[in-house]
> 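Quick one: the structure is below, and I'll ask about it shortly.
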Amino acid sequence: MIVVDSNIVAYLYLPGECTAAAEALLERDPSWSAPLLWRSEFRGILAGYMRRGNLTFQQAHDLQSEAEDLLAGAEYALDSLSVLELVRDSECSAYDCEFVALAMKLATKLVTMDGKLLRTFPGIAVALSAD
């Protein structure tokens with residue numbers, strides 16, 4: 001099991017330069033997890049695509065549903081204390097610290113492309129790679 005941030009989910013479902021790496025990650029480790037927050041963040045990404053005319057409403061809804069199916073049973077609520085402690089001890093946002101807190105709680109890695117997370121939490125955050 002790994003924790004993935006919302007952008008990794010987006011890379012999987014929205015074709016781009018990181019899609020192949022996200023697909024390879026899913027092939028290598030199909031057990032993805034995330035804090036419940038991922039849903040709102042992914043909806044925000046989809047909203048941007050809709051507003052730019054890159055997705056229809058129906059396409060965005062279908063992608064959200066597909067992503068929710070992928071993460072079904074592997075979404076977690078986190079206690080505020082663990083998230084706020086990470087915020088206090090870093091310069092990362094509370095949103096980003098939710099993903100780190102979940103990886104710590106599950107004793108696994110957080111896969112991300114967020115440079116600040118990769119620098120701040122090198123023992124937990126790992127970069128998405130194609131291999």
Side-chain angles (χ1 to χ4, degrees):
M1 175 183 288
I2 56 173
V3 173
V4 293
D5 73 13
S6 304
N7 286 319
I8 302 300
V9 177
Y11 296 149
L12 183 66
Y13 289 105
L14 299 165
E17 64 183 47
C18 294
T19 299
E23 290 170 343
L25 176 65
L26 185 61
E27 182 73 23
R28 281 192 312 275
D29 193 336
S31 183
W32 288 14
S33 59
L36 286 168
L37 168 70
W38 84 268
R39 287 179 178 232
S40 293
E41 289 189 339
F42 190 59
R43 284 190 290 262
I45 293 166
L46 293 173
Y49 274 73
M50 285 192 314
R51 289 193 175 111
R52 289 188 299 276
N54 297 324
L55 287 177
T56 66
F57 170 82
Q58 190 59 53
Q59 288 170 321
H61 178 262
D62 291 347
L63 290 173
Q64 183 73 35
S65 294
E66 201 173 321
E68 287 175 9
D69 287 346
L70 174 70
L71 288 162
E75 300 169 281
Y76 296 85
L78 294 157
D79 67 280
S80 296
L81 178 62
S82 63
V83 175
L84 290 172
E85 286 175 337
L86 291 168
V87 170
R88 176 196 63 204
D89 298 338
S90 74
E91 293 184 8
C92 296
S93 71
Y95 301 112
D96 288 343
C97 287
E98 285 205 31
F99 292 90
V100 175
L102 180 58
M104 293 172 75
K105 176 180 178 175
L106 298 176
T108 191
K109 298 293 183 186
L110 162 62
V111 180
T112 184
M113 291 297 286
D114 185 298
K116 187 182 281 188
L117 284 174
L118 292 167
R119 286 187 304 277
T120 306
F121 300 102
I124 297 163
V126 297
L128 174 66
S129 65
D131 48 349

> Within the 4.5 Å heavy-atom criterion, are Thr108 and Leu102 side-chain neighbours or not?
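A side-chain contact is absent here, since even the closest heavy-atom pair is not under 4.5 Å.
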> I'd like to check the side-chain hydrogen bond (donor to acceptor under 3.5 Å, both in side chains) partners of Thr56; sequence neighbours left out, ordered by chain and number.
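If we apply the side-chain hydrogen bond (donor to acceptor under 3.5 Å, both in side chains) test to Thr56, skipping adjacent residues, the hits are Gln59.
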> As a quick check of understanding, evaluate side-chain contact (heavy atoms from CB on, under 4.5 Å) for Leu55 and Leu14, giving each step before the final call.
CA-CA 10 Å; Leu55 287 177; Leu14 299 165; 3.8 Å; yes
> Count I, L, V, M, F, W, Y as connected when their side-chain heavy atoms are under 4.5 Å apart, and connections chain through other members. Are Ile124 and Leu118 then in the same cluster?
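No: no chain of side-chain contacts under 4.5 Å links Ile124 to Leu118.
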> If the plane angle is over 60° it's perpendicular, under 30° parallel, otherwise tilted; pick one for His61 and Phe57.
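The rings of His61 and Phe57 lie parallel, inter-plane angle below 30°.
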> Please identify each residue that fulfils side chain to side chain contact (heavy atoms under 4.5 Å, CB included) with Arg52, with sequence neighbours left out.
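Partners of Arg52 under the side chain to side chain contact (heavy atoms under 4.5 Å, CB included) test: Tyr49, Asn54.
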> Any side-chain heavy-atom pair from Val9 and Trp38 closer than 4.5 angstrom?
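Contact flag for Val9/Trp38 side chains = yes.
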> Just jot down the salt bridge (Lys or Arg N to Asp or Glu O under 4.0 Å) partners of Glu66, sequence neighbours excluded, or say none.
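In terms of salt bridge (Lys or Arg N to Asp or Glu O under 4.0 Å), with neighbours along the sequence ignored, Glu66 is linked to no residue.
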> Scan for salt bridge (charged side-chain N to carboxylate O under 4.0 Å, His left out) pairs involving residues 86-98, sequence neighbours excluded, and state none if there are none.
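Of all non-adjacent pairs touching residues 86-98, none passes salt bridge (charged side-chain N to carboxylate O under 4.0 Å, His left out).
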> How would you list, by chain and number, every residue that makes a side chain to side chain contact (heavy atoms under 4.5 Å, CB included) with Glu23, sequence neighbours excluded?
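Side chain to side chain contact (heavy atoms under 4.5 Å, CB included) check on Glu23 returns Leu12, Thr19.
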> Could you tell me the separation between the OG atom of Ser90 and the CD atom of Glu85, rounded to the nearest 0.5 Å?
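If we round to the nearest 0.5 Å, Ser90:OG and Glu85:CD are 11.5 Å apart.
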> Let me confirm one number: the CD1-OH distance from Ile8 to Tyr13, rounded to the nearest 0.5 Å.
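It comes to 13.0 Å.
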> For Ser31, enumerate each residue passing the side chain to side chain contact (heavy atoms under 4.5 Å, CB included) test, keeping only those at least two apart in sequence or located in another chain.
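Scan of Ser31 (side chain to side chain contact (heavy atoms under 4.5 Å, CB included), adjacent residues dropped) gives Met1, Asp29.
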> What about Leu128 and Leu110, same hydrophobic cluster or not, with Ile/Leu/Val/Met/Phe/Trp/Tyr joined at side-chain heavy-atom distances under 4.5 Å?
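Shared cluster, yes.
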> Donor-acceptor pair, distance only, cut-off 3.5 Å: does the side chain of Ser33 make one with the backbone of Glu75?
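Judged by distance alone, no pair lies under 3.5 Å.
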> State, to 0.1 Å, how close Ala74 and Trp32 come at their nearest heavy-atom pair, and which atoms those are.
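Nearest heavy atoms, Ala74 then Trp32: CB-O, 3.2 Å.
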> Counting C-beta onward and ignoring hydrogens, is there a side-chain heavy-atom pair between Tyr76 and Val3 closer than 4.5 Å?
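SC-SC contact between Tyr76 and Val3 ruled out.
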> Can you name the closest pair of heavy atoms from Ser129 and Arg28 and give their distance?
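Scanning both residues, the minimum pair turns out to be O-NH2, 3.3 Å.
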> Taking the side chain as every heavy atom from C-beta outward, state whether Leu86 and Cys92 have any pair of such atoms under 4.5 Å apart.
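A side-chain contact is absent here, since even the closest heavy-atom pair is not under 4.5 Å.
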> I need the full list of salt bridge (charged side-chain N to carboxylate O under 4.0 Å, His left out) pairs touching residues 102-125, with sequence neighbours left out, sorted by first then second residue.
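Pairs touching residues 102-125 that pass the test: none.
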> Sequence neighbours left out, what passes side-chain hydrogen bond (donor to acceptor under 3.5 Å, both in side chains) with Ser40? Give chain and number order.
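side-chain hydrogen bond (donor to acceptor under 3.5 Å, both in side chains) check on Ser40 returns Arg43.
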> Applying a strict under-4.5 Å side-chain criterion to I, L, V, M, F, W and Y, I'd like to know whether Leu106 and Leu71 cluster together.
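Yes, Leu106 and Leu71 fall within the same hydrophobic cluster.
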> Verify the neighbour count for atom OH of Tyr95: are there more than 12 heavy atoms of other residues, nucleotides or ligands below 6.0 Å?
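Result for OH/Tyr95: open.
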> So Leu25 and Tyr11, side-chain contact (heavy atoms from CB on, under 4.5 Å) or not? Walk me through it.
CA-CA 11 Å; Leu25 176 65; Tyr11 296 149; over 6 Å; no
> Would you indicate whether Met104, at its atom CE, is surrounded by more than 12 heavy atoms from other residues, nucleotides or ligands within a distance under 6.0 Å?
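No, not enclosed.
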> Could you measure the distance from the CD atom of Glu41 to the CG atom of Leu46? Nearest 0.5 Å is fine.
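Result: 12.0 Å between the selected atoms.
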> Of all residues at least two apart in sequence or in a different chain, which pass the side chain to side chain contact (heavy atoms under 4.5 Å, CB included) check with Ser82?
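If we apply the side chain to side chain contact (heavy atoms under 4.5 Å, CB included) test to Ser82, skipping adjacent residues, the hits are Asp79, Ala101.
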> Can you list the residues that meet the side-chain hydrogen bond (donor to acceptor under 3.5 Å, both in side chains) rule with Glu27, with sequence neighbours excluded?
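side-chain hydrogen bond (donor to acceptor under 3.5 Å, both in side chains) list for Glu27, sorted by chain: empty.
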